[in-house]
Amino acid sequence: DGQGSFSDVQDPGKYYYTPVYWAAGAGITKGYSDGTFKPQNETARREMAIFLWRMAGKPASSINPQNTFTDLGKYGADTDTYKAVAWAVENNITQGFSDGTFRPDATITRKDTMIMLYRTAGKPHVTGEITYKDVVAKGYKEGTDTYNALLWAEVTGITHGYKDGTFKPDANCLREHIVTFLY
């Protein structure tokens with residue numbers, strides 16, 4: 001099961017310890033070739049797509065994501081990035097940006113992570129109210145995927161946000177956060 005195999009994830013007291021080894025055992029993440037997981041590293045948008053695609057069982061897609069996004073040229077059809085983004089587009093998990101890009105190497109935000117998770121879960125219906133003060137202050141419109149994803153994450157307990165009552169939607173999402181959210 002890989003327990004204890006990442007040299008930088010050895011403390012069972014860390015909130016992300018169990019999620020890291022769950023994700024590794026499930027084949028969602030492999031870590032790095034140097035034997036580390038790098039929990040504090042930021043996560044690229046393509047990595048998030050890969051994690052979700054692997055979690056779904058690496059399903060094949062019939063579409064070419066390069067027809068949807070103009071910035072995937074360096075990722076050939078044999079790469080996990082290509083396959084994962086194709087699957088994510090085909091299943092409406094990502095829509096990319098209005099300029100026709102996916103920005104595969106850009107760091108994913110906490111908000112975009114939740115949107116992709118919410119869409120992967122089939123956009124479940126949720127009721128309640130967002131209580132994260134920084135999310136409320138942003139004024140996301142009720143009924144949008146952004147609002148619904150953040151509400152879903154809060155009411156289901158996928159995340160409890162930060163101790164100060166914030167979620168930090170525009171902050172970069174770290175690897176330790178991603179695997180914890182997936183777990």
Side-chain angles (χ1 to χ4, degrees), residues 1-61 65-66 69 71-91 93-94 96-97 101-122 149-150 152-153 156-163 167-183:
D1 64 19
Q3 290 284 49
S5 65
F6 295 117
S7 61
D8 58 347
V9 182
Q10 294 293 312
D11 180 356
K14 296 285 187 186
Y15 74 90
Y16 55 83
Y17 179 89
T18 298
V20 164
Y21 288 109
W22 164 80
I28 295 167
T29 184
K30 300 173 186 171
Y32 292 91
S33 60
D34 66 358
T36 61
F37 177 74
K38 300 182 183 175
Q40 283 79 42
N41 273 19
E42 294 173 343
T43 308
R45 291 174 52 78
R46 67 180 191 80
E47 291 174 305
M48 181 64 193
I50 291 168
F51 291 161
L52 292 172
W53 172 71
R54 287 177 181 159
M55 194 168 88
K58 299 182 180 180
S61 173
Q66 294 171 343
F69 301 122
D71 59 347
L72 292 176
K74 72 180 183 181
Y75 298 104
D78 61 334
T79 65
D80 281 1
T81 296
Y82 180 99
K83 294 171 188 175
V85 173
W87 168 81
V89 169
E90 186 171 65
N91 290 281
I93 293 163
T94 186
F97 294 89
T101 62
F102 177 70
R103 302 177 193 167
D105 300 313
T107 301
I108 193 162
T109 63
R110 290 172 53 84
K111 172 187 69 179
D112 287 348
T113 297
M114 283 305 153
I115 293 169
M116 289 177 77
L117 281 170
Y118 174 71
R119 290 175 178 162
T120 300
L150 296 177
W152 172 73
T156 59
I158 290 170
T159 182
H160 301 291
Y162 291 91
K163 289 178 183 172
F167 176 73
K168 301 180 183 170
D170 297 320
N172 293 335
C173 205
L174 305 179
R175 289 171 58 83
E176 66 190 59
H177 298 155
I178 300 272
V179 294
T180 303
F181 295 155
L182 290 173
Y183 180 74

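Counting heavy atoms from C-beta outward, V179 and W22 have side chains that stay 4.5 Å or more apart. Contact annotation: the side chain of I178 approaches that of M48 to within less than 4.5 Å [non-hydrogen atoms, C-beta and beyond]. H177 is not listed as a side-chain neighbour of T180, based on a closest heavy-atom distance of 4.5 Å or more. Between Y118 and L150, the closest side-chain pair of non-hydrogen atoms is not below 4.5 Å. Contact check for Y75 versus P104: side-chain heavy atoms found under the 4.5 Å cut-off. Two residues are said to be in side-chain contact when any heavy atoms from C-beta on lie closer than 4.5 Å; R54 and L182 fail this criterion.
The main-chain N or O of G13 is found under 3.5 Å from a side-chain atom of D11 such that the two form a donor-acceptor pair. Looking only at distances, no side-chain donor or acceptor of T101 sits under 3.5 Å from a matching main-chain atom of F97. Side chain of Y21 to main chain of F6: a donor-acceptor pair is present (N/O by atom type, distance under 3.5 Å, no hydrogens or angles). For R103 (side chain) and R45 (main-chain N/O), no donor-acceptor pair under 3.5 Å exists by modelled atom type. Looking only at distances, no side-chain donor or acceptor of T94 sits under 3.5 Å from a matching main-chain atom of A88.
Between the CZ atom of R110 and the OG1 atom of T43 there is a distance of 11.0 Å, given to the nearest 0.5 Å. Distance check, rounded to the nearest 0.5 Å: CD1 of I93 to CD1 of I115 gives 13.0 Å. Distance check: D8 CG to E176 CD gives 10.5 Å after rounding to the nearest 0.5 Å. Interatomic distance, I50 CD1 to D80 CG, rounded to the nearest 0.5 Å: 5.0 Å. Once rounded to the nearest 0.5 Å, the distance linking CZ of R175 with OH of Y32 reads 4.0 Å. One finds the CD atom of Q66 at 5.5 Å from the OH atom of Y82 (value rounded to the nearest 0.5 Å).
Counting all heavy atoms, side chain and backbone alike, W87 lies closest to S61 at N-CB, 3.8 Å. For the residue pair F69 and G96, the shortest heavy atom distance occurs at CE2-CA, 3.5 Å.
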(request) Walk me through it: do D105 and K74 pass the test side-chain contact (heavy atoms from CB on, under 4.5 Å)? (result) CA-CA 11 Å; D105 300 313; K74 72 180 183 181; 2.9 Å; yes

(message) Show, in sequence, the C-alpha distance, side-chain angles and deciding distance for T159 and F181, and conclude whether the side-chain contact (heavy atoms from CB on, under 4.5 Å) test is met.
(response) CA-CA 7 Å; T159 182; F181 295 155; 3.5 Å; yes

